[in-house]
Number of protein chains: 2
Amino acid sequence: MKKRARQDRVTRQAQILETAARIFCDKGFEGASMGDISAALGITKAGIYHHIRSKEDLLYAIMSYGMDLFERKVLRRVMGISDPLERLRATLKGHILVVTRDRPKEITVILHESSVLKGRYREKIDARKRRYVRFLERTFRDLVRSGVARRVDPTVAAFAMLGMVNWIYQWYRPAGRLSGAELADAFADVFLKGILKSPAAG
Amino acid sequence: MKKRARQDRVTRQAQILETAARIFCDKGFEGASMGDISAALGITKAGIYHHIRSKEDLLYAIMSYGMDLFERKVLRRVMGISDPLERLRATLKGHILVVTRDRPKEITVILHESSVLKGRYREKIDARKRRYVRFLERTFRDLVRSGVARRVDPTVAAFAMLGMVNWIYQWYRPAGRLSGAELADAFADVFLKGILKSPAAG
DNA sequence: CCTTACCTACCGACCGGTAGGTAGGCTAAC
DNA sequence: GTTAGCCTACCTACCGGTCGGTAGGTAAGG
C-alpha cells in the first residue's frame with residue numbers, strides 16, 4: 001500500500017479543498033455529505049478527518065482560500081492604480097474574468113453558501129468581503145469627486161456592480177455565445193455608459 | 001381538540017407554503033428538515049404529509065407560488081406597456097419593489113434553491129424564468145431599434161439587470177439607509193444612464 | 001357515518017464524527 | 001547498512017442522532 005511522503009501534505013490538503021469545493025458547488029454544503037467528498041478522493045470518510053477537524057472547518061478553509069485567490073488575482077493587482085476610472089475598469093474586468101475563465105469553485109461556494117457559516121468564521125469572511133465593498137465605494141467616490149462620474153451613490157453603485165458580477169455564476173456557461181473577455185467588455189460598457197443613448201432622459 | 005373545517009383547506013395549504021418558505025429561506029432547503037417546518041406550524045411531521053406529497057413537492061409548490069406572485073405583481077402589469085422605455089422602467093422598479101418591500105420568501109427560495117429541483121419540476125420553473133428573460137431581451141431590442149438605447153446586446157443587458165436585481169436579497173435590509181423605492185430609483189438611474197458623466201469615454 | 005385533519009409510533013437509510021488498529025516510509029542510533 | 005521505533009496516512013467498525021417518509025389509529029365536524 002502506497003503512503004504519501006511528508007512533503008505531499010500541503011498538496012494533499014489542496015486536493016481535499018479542491019475536491020470538497022467541487023462537491024459543495026454541485027450539491028450545496030448541506031446537500032453534500034462527507035462520504036461524497038471522501039469517495040471522490042478515493043479514501044474513506046474517516047480518512048478525511050485525519051486532515052480536517054469538521055465539515056464546517058472544511059467550508060471555512062474553502063472560502064478562505066477563495067478569498068485569497070480573489071485578493072491575489074484581482075484586488076491586489078488593481079488597488080495600486082491611481083486613476084479611479086482605470087482602477088474601476090481593471091477591477092470590473094478582472095473580477096469578471098476570474099469568475100468566467102478560471103471559474104474557481106471556491107468563489108462559487110463563497111457566493112452561494114455564505115449564510116451557512118456561523119460565528120467567528122462567518123465574521124472573518126464577511127470582514128474580507130466588506131473590505132472589497134469599501135474599496136469599490138472609495139473608487140466610486142473618487143470618480144464622482146474627480147468629475148468623471150455622475151453624482152451616483154457610491155454604495156448603490158458598488159452593490160449594483162457586485163450584483164451584476166456575482167450573479168454571473170448562476171447563468172454563465174463557457175460553452176455559450178460569449179467568452180469571458182467579451183462578457184467583461186460588454187458588462188463594463190453597460191455599467192459605465194448605461195443603457196440609454198441620451199443622458200437627458202430622466 | 002379543534003379540527004379545521006373543509007373550507008379552510010386552501011388557507012391551510014397557504015399557511016404551510018408560507019411557513020415552509022420562511023424556513024427554507026432561513027436554513028436552506030437541505031438544511032431545513034420537515035420536522036422544523038411541522039414544529040413551526042404546531043403540528044407533527046406526519047401531519048404535514050396529509051397536505052403534501054414530499055419535501056420536493058413542497059419546494060416546487062413554493063417556487064410555483066413565487067412565480068405566480070412575481071408574474072401577477074410585476075410581469076402582467078408591465079407587459080402591456082407599449083413604450084419600451086416606460087416598460088423597462090416599470091419592470092425594473094416593480095421587480096425591485098417586490099423584493100425590497102414585499103420581500104416574499106418564496107422569491108428568495110426561487111433565487112437561492114433553483115438548482116435543488118430536478119426533472120420536470122426544474123424544467124417548469126426554468127421555463128417560466130426564461131419567459132421573463134426573453135421579455136427583457138425583447139424590451140432591450142425594442143429600445144435599441146427605436147433609437148432610445150445604445151447598441152447594447154439585449155442578452156447582456158438582460159443579465160446585467162437581472163444580476164443587479166436578483167442579488168439584492170443577499171445584502172438589502174429594510175432597516176438600512178435606503179427604502180425600497182429609493183433603491184429602485186437609484187438602480188434605475190445607474191442602469192439606464194451608467195456611471196460616467198461623459199458618453200465619450202471608451 | 002363518512003371525510004378531514006390530524007396523531008402516535010415507527011421504519012430503514014444516512015448523517016457527522018470517532019475509537020482504535022495498521023501498513024509503510026522516515027530517521028537516527030549503532 | 002541494518003534495524004528499532006516513531007510518524008503519517010490511512011483503514012474498519014461503529015456511535016448516537018436525525019433524516020424523509022409511512023402505517024394505522026382517532027376525534028371532531030358535516
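Fair warning: this is a prediction, and the values are worked out from it, not measured in the lab. All chains are named by letter (A, B, ...) in the order of the sequence lines, taking the proteins before the strands, and each is independently numbered beginning at 1.
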Round to the nearest Å and state the distance from [X] atom [atom1] to [N] atom [atom2].
X: A:His50; N: D:dC7; atom1: NE2; atom2: C1'; value: 9 Å
X: B:Tyr49; N: D:dG20; atom1: OH; atom2: P; value: 6 Å
X: B:Met34; N: D:dT22; atom1: CE; atom2: P; value: 10 Å
X: A:Glu30; N: C:dG16; atom1: CD; atom2: P; value: 9 Å
X: B:Asp57; N: D:dG21; atom1: CG; atom2: C1'; value: 13 Å
X: B:Lys45; N: D:dA23; atom1: NZ; atom2: P; value: 14 Å
X: B:Leu59; N: D:dG20; atom1: CG; atom2: C1'; value: 14 Å
X: A:Asp36; N: C:dG16; atom1: CG; atom2: P; value: 8 Å

What nucleotide among [options] has an atom nearest to a side-chain atom of [X]?
X: B:Ile43; options: C:dC7, D:dA13, D:dC10; value: C:dC7
X: A:His51; options: D:dC19, D:dC11, D:dC10; value: D:dC10
X: A:Ser33; options: C:dC15, D:dC10, C:dC6; value: C:dC15
X: B:Ala46; options: D:dA23, D:dC19, D:dA13; value: D:dA23

More than 12 non-hydrogen atoms from neighbouring residues, nucleotides or ligands closer than 6.0 Å to NZ on B:Lys27, yes or no? no
Looking at every strand, decide which applies to B:Thr44 at a 4.0 Å heavy-atom threshold: base, sugar-phosphate, or nothing. base
Salt-bridge contact B:Arg131-B:Asp126 (side-chain N to carboxylate O under 4.0 Å): no
Using side chain to side chain donor-acceptor pair (under 3.5 Å) as the criterion, point out the one residue from B:Arg103, B:Lys105, B:His112 that pairs with B:Tyr169. B:His112
For the ring pair A:Tyr132 and A:Phe70, is the centre-to-centre distance below 6.0 Å? yes
Note: for A:Lys55 and B:Ile48 on DNA chain C, the residue whose nearest nucleotide lies more 5' is B:Ile48
Would you tell me if any nitrogen or oxygen in the side chain of B:Arg12 comes within less than 4.0 Å of OP1 or OP2 on C:dT4? no
Using modelled atom types and a 3.5 Å cut-off, is there a donor and acceptor pairing between side-chain atoms of B:Glu18 and backbone atoms of B:Gln15? no
